[in-house]
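Side chains included, hydrogens not; waters and symmetry mates left out as well; all remaining heavy atoms used. Given the structure is predicted, the values throughout are model-derived calculations rather than measurements. The sequence lines fix the lettering, A, B, ..., with proteins before strands; numbering per chain opens at 1.
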Number of protein chains: 2
Amino acid sequence: MVKKSTAQRRRSGPKWARRPEDRPREILAAALRVFAERGYNATRLDDIAAAAGVTKGTIYYYFKNKDALLLQLAQAGDREEFARMEVLLADNAGSYSSQLRTVMRKGFAEPTDEARRQLRMVYLALHSDEPRLFARAVQGALVDGWALIVKLIERGQATGEFRADVDGPVAARIFTSGLLLQQLWRSSLGLETLDPFDNGRMVDSSIELFLHSLRPTVRLRAVETRRKARPS
Amino acid sequence: MVKKSTAQRRRSGPKWARRPEDRPREILAAALRVFAERGYNATRLDDIAAAAGVTKGTIYYYFKNKDALLLQLAQAGDREEFARMEVLLADNAGSYSSQLRTVMRKGFAEPTDEARRQLRMVYLALHSDEPRLFARAVQGALVDGWALIVKLIERGQATGEFRADVDGPVAARIFTSGLLLQQLWRSSLGLETLDPFDNGRMVDSSIELFLHSLRPTVRLRAVETRRKARPS
DNA sequence: TCAATATCTGACTTCATGGTCAAAAAGAGC
DNA sequence: GCTCTTTTTGACCATGAAGTCAGATATTGA
């Protein structure tokens, strides 16, 4: 994507060129690549600089610091993600259940395109490297995501598709956070070894749990009140 | 609890005493206090040493390193927590719903006793200081907790109190992780400001969501199949 | 009393990268 | 060509607590 060797050491040409228009984009692109490969902490600013064909000083000419670099990356990626989500929902005029299913799947299933996959890798590493920065990076997207989910739940409640007494805001937060934490622990930390679990099952089951918790029920009194036969 | 000034500088007495039986306990107790107050990273081993009335070298005489100190602390606390939980459940021979409610409340509501509260503070700080260590520290308790919850769900399924087709292991993991991540973000990171939420509501609503997702339902077909009137 | 040993001390070492900045180089304008 | 400004370079710096270890001190046992 970035032409690296184009003007590299043209015989007795200038040592470097001024390219203020392109540098920021190139640096950001390089940062995404390198962060995704090595993780946030393990990435040296010199690595990014090298990958972008500049030196560290140049990064500081265009960005405040390492955190800012990461934050810009995350914001851009999340904006794109949300734009896609809206298109997806516009196309999907099914029940609110199916819209919620779409949102959750899109949000938590493995991404197929490379850029999105890279951003996820960055997030995974970031969570175990710098949780505070991670929180800053994902907060915006999460709050927006929660608002979207709550909106869908409320509309479903209005039509009677979902039960009226469900706590929508809490539901949105609990299910997304649960899925997220599971994924974080499983990929970057060692949980997968200790407690192996398939991500597809995790996502699908969670979504079903989520939708089931929203659906109206008829309590089966006979079962509900039943007690164990023998007292312990 | 720890007699600090008892033999402190008795006139021309010995500079220090050998107390190999008590040192480890005292160091651990001091570590819990200081970690809870200042957080893991901000705590200097010299601080703990001072609080325990020894010097840093002594800590290294009894413990491998700072992490080991933390890990021992966590393990001891969690063992105690589980013991209490079992007693609590033995006393509570109600429905499986109510047992699950008890477990979740005990696990996530604000603790009342000081030691337990301190351990929570330690965990909160640890999560944002050293996520990998945090994961190691809580993994054991979580895996055991999940097993307990799954057991209760399965028993409830056997009696018909819960629906048969629920994915118990996923349910256990999602709800606990969701609640946990919410609490972590809200206390040690800045989420509470951006997205204020009452912890009591969070816990209670989550539990209800959890139980509702386990309960058998009678699908209301008329509502379930309904689609939005206008196609997009 | 005097080793021998267990316990404890505290000064010292160590280590690597994010960030700074003066100066060099490029290029625009005249 | 010659300034002047913008862009880029790259050598340098600052930092701070975890962990080590040689030796000091207490205790035990004979």
Item to check | Student check: side-chain heavy atoms of A:Asn199 and A:Val203 closer than 4.5 Å | outcome: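 Heavy-atom side-chain distance check passes, below 4.5 Å.
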Checklist entry - Does the side chain of A:Tyr62 come within less than 4.5 Å of A:Pro20's, by heavy atoms? => result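 Side-chain contact under 4.5 Å: yes.
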Roughly, in whole Å, what's the span from [atom1] in [X] to [atom2] in [N]?
X	N	atom1	atom2	answer
B:Ile59	D:dC21	CD1	C1'	16 Å
B:Lys56	D:dT20	NZ	C1'	9 Å
A:Arg19	C:dA28	CZ	C1'	18 Å
A:Glu26	D:dT8	CD	C1'	14 Å
A:Asp22	D:dT8	CG	C1'	15 Å
A:Leu45	D:dT8	CG	C1'	16 Å
B:Asp46	C:dC12	CG	C1'	13 Å
B:Tyr60	D:dA18	OH	P	7 Å

Checklist entry - Taking the side chain of A:Arg23 as its heavy atoms from C-beta onward, which of C:dT7, D:dT8, C:dG18 lies nearest to it? => result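 Selected nucleotide: D:dT8.
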Next on the checklist: What residues from residues 61-71 of chain B pass a heavy-atom cutoff of under 4.0 Å to DNA chain C?
Outcome noted: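 The answer is B:Tyr61, B:Tyr62.
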Item to check | Audit row: B:Phe35, B:Leu73, side-chain contact (heavy atoms from CB on, under 4.5 Å) steps and yes/no | outcome: CA-CA 10 Å; B:Phe35 280 148; B:Leu73 223 55; 3.8 Å; yes
Checklist entry - Can you give one letter per nucleotide of nucleotides 24-30 of chain D, going 5' to 3': B for a protein heavy atom under 4.0 Å from the base, S for sugar-phosphate only, - for none? => result -BBS---
Next on the checklist: Does B:Met85 have more than 12 heavy atoms from other residues, nucleotides or ligands lying within 6.0 Å of its CE?
Outcome noted: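 Yes - once you tally the heavy atoms of other residues, nucleotides and ligands closer than 6.0 Å, there are more than 12.
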Checklist entry - More than 12 non-hydrogen atoms from neighbouring residues, nucleotides or ligands closer than 6.0 Å to CD on B:Glu21, yes or no? => result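 Atom CD in B:Glu21 is not crowded, with 12 or fewer foreign heavy atoms closer than 6.0 Å.
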Checklist entry - So, for B:Pro111 and B:Arg116, which heavy atoms are closest and what is the spacing to 0.1 Å? => result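 The answer is CB-CG, 3.5 Å.
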Checklist entry - Does a side-chain N-to-carboxylate-O contact under 4.0 Å join A:Arg19 and A:Asp22? => result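 Counted as a salt bridge, because a side-chain N and a carboxylate O are separated by less than 4.0 Å.
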Checklist entry - OP1 or OP2 of D:dT9 sitting under 4.0 Å from any side-chain N/O of A:Thr55? => result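 So the side-chain polar atoms of A:Thr55 do come within 4.0 Å of the phosphate oxygens OP1 or OP2 of D:dT9, strictly under.
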Next on the checklist: Counting the benzene-type ring for Trp, do B:Tyr40 and B:Phe134 have ring centres under 6.0 Å apart?
Outcome noted: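 No: the rings miss the under 6.0 Å criterion.
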Item to check | Qualifying residue, where the test is ring pair (Phe, Tyr, Trp, His ring centres under 6.0 Å) with A:Phe175 and the options are A:Phe210, A:Phe108, A:Trp146 | outcome: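 Of the listed options, the one satisfying the test is A:Phe210.
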